[in-house]
Amino acid sequence: MAVQKLDQLDKQILRMIAEDARVPFLEVARACNVSGAAIHQRIQKLTNLGVLKGSQFVIDPEKIGYETCAYIGLNLKNPEDFDKVVAALQTIPEVTECHYTTGNFDMFIKIYAMNNHHLLNIIHDKLQPLGLASSETLISFHSAFNRQLPVVDSPLLDE
């Protein structure tokens with residue numbers, strides 16, 4: 001995948017909205033010494049390039065009853081079933097991420113459950129029927145931090 005060419009204004013905008021996605025465009029415009037229309041155009045450009053992938057509110061899983069977070073490494077009986085398994089995983093609402101990986105697992109997923117019993121039910125009733133050869137579950141006690149990558153100055157990103 002190609003690195004997108006970003007100028008200093010793009011980077012300044014990205015830094016501001018990564019810090020606070022709800023910052024008003026006019027505030028961004030003032031900080032960048034450009035018009036509000038210019039910010040709207042840049043945001044649209046960054047979205048069209050795929051640099052920005054939308055905006056969303058982040059829900060705290062614990063606040064809505066999901067007390068268990070787990071990472072599960074999956075090995076498939078038939079690795080050629082990747083696409084079918086990914087499609088099935090997308091239908092399980094508790095699965096929030098899925099990654100193809102190197103190493104000991106074919107894929108790695110992140111899952112939220114109400115509690116350990118709910119997690120066991122998801123593994124037994126929803127994951128095992130997907131044709132798993134094996135799996136390994138790691139339960140997260142607490143997320144120490146979660147953040148966006150920084151927008152850095154780099155010759156690869158400069159026009």
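By convention here, the first residue in the shown sequence is residue 1.
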request  = Would you name the heavy atoms of F108 and G73 that are closest together and state the gap between them?
outcome  = CD1-CA, 3.5 Å
ask   = Any sub-3.5 Å donor-acceptor pair from N78's side-chain atoms to E80's backbone N or O?
value = no
key: Over 12 non-hydrogen atoms of neighbours within 6.0 angstrom of CG in N104   = no
Exercise: identify the closest heavy-atom pair between K11 and L6 = CE-O, 3.6 Å
request  = Might you confirm whether atom CD of Q148 has over 12 heavy atoms from other residues, nucleotides or ligands at distances under 6.0 Å?
outcome  = no
task = Would you name the heavy atoms of A31 and Q12 that are closest together and state the gap between them?
result = O-NE2, 3.2 Å
ask   = Which residue pairs pass the side chain to side chain donor-acceptor pair (under 3.5 Å) test with at least one member in residues 57-68, sequence neighbours excluded?
value = T68-N116
message = Taking I122's backbone N and O only, do any of them form a donor-acceptor pair with Q128's side chain (distance below 3.5 Å, no angle check)?
response = no
query = How long is the span from the CG atom in N75 to the OG atom in S134, to the nearest 0.5 Å?
reply = 4.0 Å
request  = State, to 0.1 Å, how close I43 and F25 come at their nearest heavy-atom pair, and which atoms those are.
outcome  = CG1-CZ, 3.8 Å
query = Counting heavy atoms not belonging to I59, are there more than 12 under 6.0 Å from its CD1?
reply = no
message = Hydrophobic clustering (ILVMFWY, side-chain heavy atoms < 4.5 Å, transitive) - are V85 and I123 grouped together?
response = yes
Test side chain to side chain contact (heavy atoms under 4.5 Å, CB included) applied to C69 and Y71, step by step = CA-CA 7 Å; C69 173; Y71 296 88; 4.1 Å; yes
key: Stepwise side chain to side chain contact (heavy atoms under 4.5 Å, CB included) check, I139 with L119   = CA-CA 10 Å; I139 293 177; L119 177 62; 4.1 Å; yes
key: Pairing of K5 and D10 as salt bridge, 4.0 angstrom limit   = no
request  = Give the C-alpha distance, both sets of side-chain angles, the deciding distance and a yes or no for side chain to side chain contact (heavy atoms under 4.5 Å, CB included) between I109 and L127.
outcome  = CA-CA 11 Å; I109 63 172; L127 297 181; 4.0 Å; yes
remark   = So NZ of K110 and SG of C98: to nearest 0.5 Å the spacing works out to 13.5 Å
message = Would you say OH of Y100 has more than 12 non-hydrogen atoms from neighbouring residues, nucleotides or ligands within 6.0 angstrom?
response = yes
query = Say you draw a straight line from CG of L49 to CD of Q44; how long is it, rounded to the nearest 0.5 Å?
reply = 10.0 Å
message = Between the side chains of R42 and D7, is the shortest nitrogen-to-carboxylate-oxygen separation below 4.0 Å, so that they form an ion pair?
response = yes
task = Would you mind reporting whether L52 and I17 have side-chain heavy atoms less than 4.5 Å apart?
result = yes
query = Mind checking whether L14 and V34 sit in one hydrophobic cluster, side chains of I, L, V, M, F, W, Y counted as touching below 4.5 Å?
reply = yes
task = Check step by step if side chain to side chain contact (heavy atoms under 4.5 Å, CB included) holds for L74 and I72.
result = CA-CA 6 Å; L74 305 175; I72 305 176; 3.5 Å; yes
task = Find out if a path of hydrophobic residues (ILVMFWY) with successive side-chain heavy-atom gaps under 4.5 Å connects V95 to L120.
result = no
inquiry  = Main chain of L76, side chain of D106: is a donor-acceptor contact present, judged purely on distance under 3.5 Å?
reply    = yes
task = Hey, could you give me each pair passing salt bridge (Lys or Arg N to Asp or Glu O under 4.0 Å) that has a residue in residues 112-135? Not counting sequence neighbours.
result = E94-K126
inquiry  = Tell me whether the count of non-hydrogen atoms from other residues, nucleotides or ligands lying under 6.0 Å of CD in E97 goes above 12.
reply    = yes
message = For a 4.5 angstrom cut-off between non-hydrogen side-chain atoms, does H118 reach N115?
response = yes
note = Correct closest heavy-atom pair for V86 and M107 would be CG2-CE, 4.0 Å
request  = Answer yes if L46 and V23 sit in the same cluster of Ile, Leu, Val, Met, Phe, Trp and Tyr residues linked by side chain heavy atoms under 4.5 Å apart, and no otherwise.
outcome  = yes
task = Answer with yes or no whether the hydrophobic clustering places M16 together with L26; edges join I, L, V, M, F, W, Y residues whose side-chain heavy atoms lie under 4.5 Å apart.
result = no
